[in-house]
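Each ligand, and each atom within it, is numbered from 1 in the order the structure gives.
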Amino acid sequence: KRSNSECSLFPHEQFWILSKRIVTPDGVISGAVEVRGGNIASVIEGDDLQSSVIGGHFLDYGDAVVMPGLVDVHAHLDEPGKTEWEGFSTGTRAAAAGGLTTLIDMPLNSVPSTVSVETLRLKVEASKEKLHVDVGFWGGLVPENAFNESALDSLMEAGALGLKAFMCPSGINDFPMSNSTHIKEGLVALAKYNRPLLVHAELVPDSHSSTQLNDGISDVRSYATYLKTRPASWEEAAIRDLQSAMQETRVGGHAEGAHLHIVHLSDARASLELIKDAKSSGASLSVETCPHYLAFSSDDIKDGDTRFKCAPPIRDEDNRQNLWNALLEGHIDLVSSDHSPSAPELKLFGEGDFMRAWGGISSLQFVLPVTWSYGLKHGITLTQLSKWWSERPAKLAGQDQKVPLIFKLMSNFTLKHNKPETLQVLNTL
Ligand SMILES: NC(=O)NC(NC(N)=O)C(=O)[O-]
Ligand SMILES: [Zn+2]
Ligand SMILES: [Zn+2]
């Protein structure tokens, strides 16, 4: 609704958006999108629609792309508590600047972490009057609530869209790691709601104590040093450890109805093979990767440039190509930002110490151009981009209404010509 502020919304209850490139489930069409009362009312294929069909108010965007807004299922907005790291106001403005119209906020890096109905309410309260795009919330699965089904139920019934767990230390004191037993419990609780459990899948082998991790560390400014401390075998070990939990999400399984989603996959070798096997065995399983894994390889990262520190780490060029192939072949389902900013001083830009800097990449407003620019070299299409960044993330977050009804209906109508009767049908839909 147009407010009397300097809002840029077109001041009409009903208007049309024309473009030569409108992204629909049936491909990219030239035509017009009808907006009525703030919703998509119809989509019409055809050229020169101004005069013949539409009349009224319209915005003609020429050959600029018109597509569903991006839905980011993995963003750390850090409020309440750490607004010097991000916050709802700056984070949602960055999202809007980058074409993201929905963010699902992670349950950690805020203070407190979102691991109960009380802390979810604190977060919702903190977000009031600060949102420039839609925001939803994942709840946190931690050892403290994993066996307390009623606590998980109240978190879900209070509006959490699913749960998130870490299988390794998260770097946040009040968000401890979980094991596969906790995860199985979480999946059983989620089965009632047909909702997902998202997992940070890195598992530190028992032999590794945290001190050992830093043993023999030579040059902390070299990215290779950091990369060596978080090998792909950690991702593989976590996904191997999740196998039986994944099997329980199959039809007839103990957690049928629940869904397991692996966040920010970096290892496109053994870990990806295990995911592919689990999917083909019928597990209700999906996996995301992030633009920084698709765009950069370890060789690109200069000494001391701790902007690129994240967990799991950015791996080598061959791995990056494998990630693109897996995304193009549908083995990786979607892309998310894993926007994990911090106060600049925590990145230790001066010292460039990869071992002590905050792990997390700040990227929200760049994810669309990065995915598109680097994807062009792999021949990606706008339709694929929209599946990876809008349609599938919206489904994971249970936001099916974000995949506009008309686009769903469009999948039944193969509009060849905007014959009046067809238009009439669409308009009444
Ligand atoms: N607490 C975090 O924000 N962690 C994040 N940090 C990264 N990815 O380096 C994450 O998603 O694991
Ligand atoms: Zn993570
Ligand atoms: Zn994250």
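- Relative to the ring axis of Tyr374, Lys377 places its NZ or CZ within 45° and under 6.0 Å from the centre.
- Ion pairing between a basic and an acidic side chain is recognised when a charged N comes within 4.0 Å of a carboxylate O; Arg269 and Asp316 show such pairing.
- Residue Lys164 has no N or O atom closer than 3.5 Å to an N or O atom of ligand 1.
- Residue contacts with ligand 1, taken as heavy atom pairs separated by less than 4.0 Å, involve Phe166 solely via side-chain atoms from C-beta onward.
- Between Arg307 and Asp305 there is a salt bridge, since a side-chain N of the basic residue sits under 4.0 Å from a carboxylate O of the acidic one.
- At a heavy-atom cutoff of 4.0 Å, ligand 1 is contacted by the backbone of Ser170 but not by its side chain.
- Using 4.0 Å as the threshold, His74 has a heavy atom nearer than that to some atom of ligand 1.
- In summary, no N, O or S atom of His200 is located under 2.8 Å from the Zn ion (ligand 3).
- Under the 6.0 Å cut-off for aromatic ring centres, His132 and Phe88 do not qualify, their centroids lying 6.0 Å or more apart.
- Judged by the shortest distance from any of its heavy atoms, Ala311 lies inside the 4.0 Å radius around the atoms of ligand 1.
- Contact atoms of ligand 1 toward His264: 10 (C), 11 (O), 12 (O) (distance under 4.0 Å to a heavy atom of the residue).
- Coordination check, His264 versus the Zn ion (ligand 2): passed, since an N/O/S atom of the residue sits under 2.8 Å.
- When distances to the Zn ion (ligand 3) are checked against a cut-off of 2.8 Å, His339 contributes no N, O or S atom below that limit.
- At least one N or O atom of Asp338 sits closer than 3.5 Å to an N or O atom of ligand 1.
- Considering the Zn ion (ligand 3) as centre, the angle to NE2 of His74 and to OD1 of Asp338 is 80° (10° rounding).
- Salt bridge annotation for Glu236-Arg240: present, with a cationic side-chain nitrogen under 4.0 angstrom from a carboxylate oxygen.
- Counting heavy atoms under 4.0 Å from ligand 1, residue Trp85 does not touch it at all.
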